Amino acid sequence: MEKVVSGIRPTGKLHLGNYFGAVKNFLKMQDTAECFFFIADYHSLTTHPTPENLHGNVKQVLAEYLAAGLDPEKSTLYIQSDVPEVIELYLLLNMNAYLGELERVTSFKDKVRKQPNNVNAGLLTYPTLMAADVIIHKAAKVPVGKDQEQNLEMMRTFARRFNRMYKVDYFPIPSAYNFGEALVKIPGLDGSGKMGKSEGEGNAIYLCEDEKTMRKKIMRAVTDGGPTEMNQEKPEAIQNLFTLLSVVSTPDTVEHFDALYNKCEIRYGDLKKQLAEDTIKFTAPFREKVADLHANTEYLSKVAAIGAEKARESASQTIKEIREIIGFRKF
Ligand code: TRP
């Protein structure tokens with residue numbers, strides 16, 4: 001089976017866009033590949049979280065991904081900092097990573113612009129840590145979004161460079177995991193584009209947020225003055241609400257509002273109220289599962305421990321072999 005590795009940033013909670021996007025893909029992958037999913041807590045230190053926030057975020061993310069259906073029996077689900085072998089490979093890769101190429105990475109340049117007071121070496125070497133995350137398991141595939149394509153290119157560079165330098169064919173060169181059919185793009189509430197946390201407050205609906213906040217955000221979603229002609233095409237903001245409705249409501253409900261729109265009799269307030277109630281209903285079982293998981297620390301530790309053991313088994317084999325290749329040998 002193909003080996004796949006993916007990191008999950010322990011920042012922020014899952015929103016509907018993640019749930020119908022990355023998470024859905026993860027669920028598909030765990031049935032068809034040998035998956036390593038980890039919470040990238042080392043990476044998150046580049047932003048200097050407090051110990052309490054770091055710990056809380058890792059726990060929340062673990063609970064949410066388990067609630068969403070990641071299965072620790074099917075996949076290796078672990079916390080990055082439980083696998084110190086990654087750090088050894090990170091150090092080794094850094095010896096052959098050059099300042100020029102690291103400085104040219106777009107996400108690094110963005111950070112330099114956005115946080116000039118915290119341009120730390122961890123940010124600069126973020127791509128080598130990512131490469132270590134993946135090639136430590138000799139993985140062939142990485143599921144990457146558009147924003148991570150350059151990081152994938154760097155992983156390929158570092159893997160190739162190692163092979164060339166030591167004249168070995170040791171690391172497979174990772175490539176993008178191909179998901180086959182495209183998923184529904186979940187739009188945000190601001191009238192344009194997709195749901196995302198960086199698109200501003202109020203744009204994303206988080207599965208774990210309280211019902212009052214959900215209602216408030218949805219009732220404030222961008223709309224327009226309403227249709228003026230029968231069977232008129234829907235402008236983006238309105239189509240977005242219908243798309244959201246189609247993922248949380250029944251087909252009958254969508255049909256109902258669609259018919260009202262086509263007759264120019266729609267009242268957006270009613271549509272939003274329905275969308276809010278159906279979103280709450282749709283996400284309620286998820287929140288219950290997350291709450292149960294939070295209350296079951298014993299289970300969470302067990303999941304983390306089993307994941308760490310499986311990940312370290314795979315990682316330590318790689319480290320043993322590359323130490324030999326590099327020349328760290330016993331007398
Ligand atoms: N950088 C990724 C993100 O921001 C998270 C990540 C860390 C990752 N290591 C990885 C993703 C390795 C894929 C493979 O979302």
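As the structure lists them, so they are numbered: ligands from 1, and atoms in each ligand from 1. Everything numeric here is computed off the predicted structure, so don't read it as measured data.
Those atoms of ligand 1 with a heavy atom of V134 less than 4.0 angstrom away are 12 (C), 14 (C). Every atom of ligand 1 is numbered from 1 in the order shown, and the set under 4.0 Å from a heavy atom of H43 is 7 (C), 9 (N).
For the pair E149 and K146, the salt-bridge criterion is met [side-chain N within less than 4.0 Å of a carboxylate O].
Nearest protein neighbour of atom 2 (C) of ligand 1, counting heavy atoms only, is Q148 OE1, 3.7 Å. Scanning all protein heavy atoms for the shortest distance to atom 9 (N) of ligand 1 gives D133 OD2, 2.8 Å. With hydrogens left out, the protein atom closest to atom 6 (C) of ligand 1 is G7 CA, 3.8 Å, a heavy atom. Here the heavy atom of the protein found nearest to atom 4 (O) of ligand 1 is R9 NE, 2.7 Å.
Heavy atoms of Y42 found under 4.0 angstrom from ligand 1: none, in either backbone or side chain. Contacts with ligand 1 closer than 4.0 Å are made by side-chain heavy atoms of V142 only, the backbone lying farther away.
With hydrogens and angles left out, the side-chain atoms of T253 and T250 include a donor and acceptor closer than 3.5 Å. With 3.5 Å as the limit, one finds a donor-acceptor pair spanning the side chains of H294 and Q60.
By the 3.5 Å distance cut-off applied to N or O atoms, Y126 is counted among the residues near ligand 1. The distance criterion of under 3.5 Å between nitrogen or oxygen atoms is not met by S6 with respect to ligand 1.
Looking only at side-chain heavy atoms (C-beta outward), V142 and P174 come within less than 4.5 Å of each other.
For the pair K234 and F242, the distance from NZ or CZ to the six-membered ring centre is under 6.0 Å and the angle to the ring normal is within 45 degrees. F171 does not carry K138 over the face of its six-membered ring by the limits of under 6.0 Å from the centre and within 45° of the normal.
The aromatic rings of Y19 and F282 lie perpendicular to each other, with more than 60° between the two planes, well past the 30° mark.
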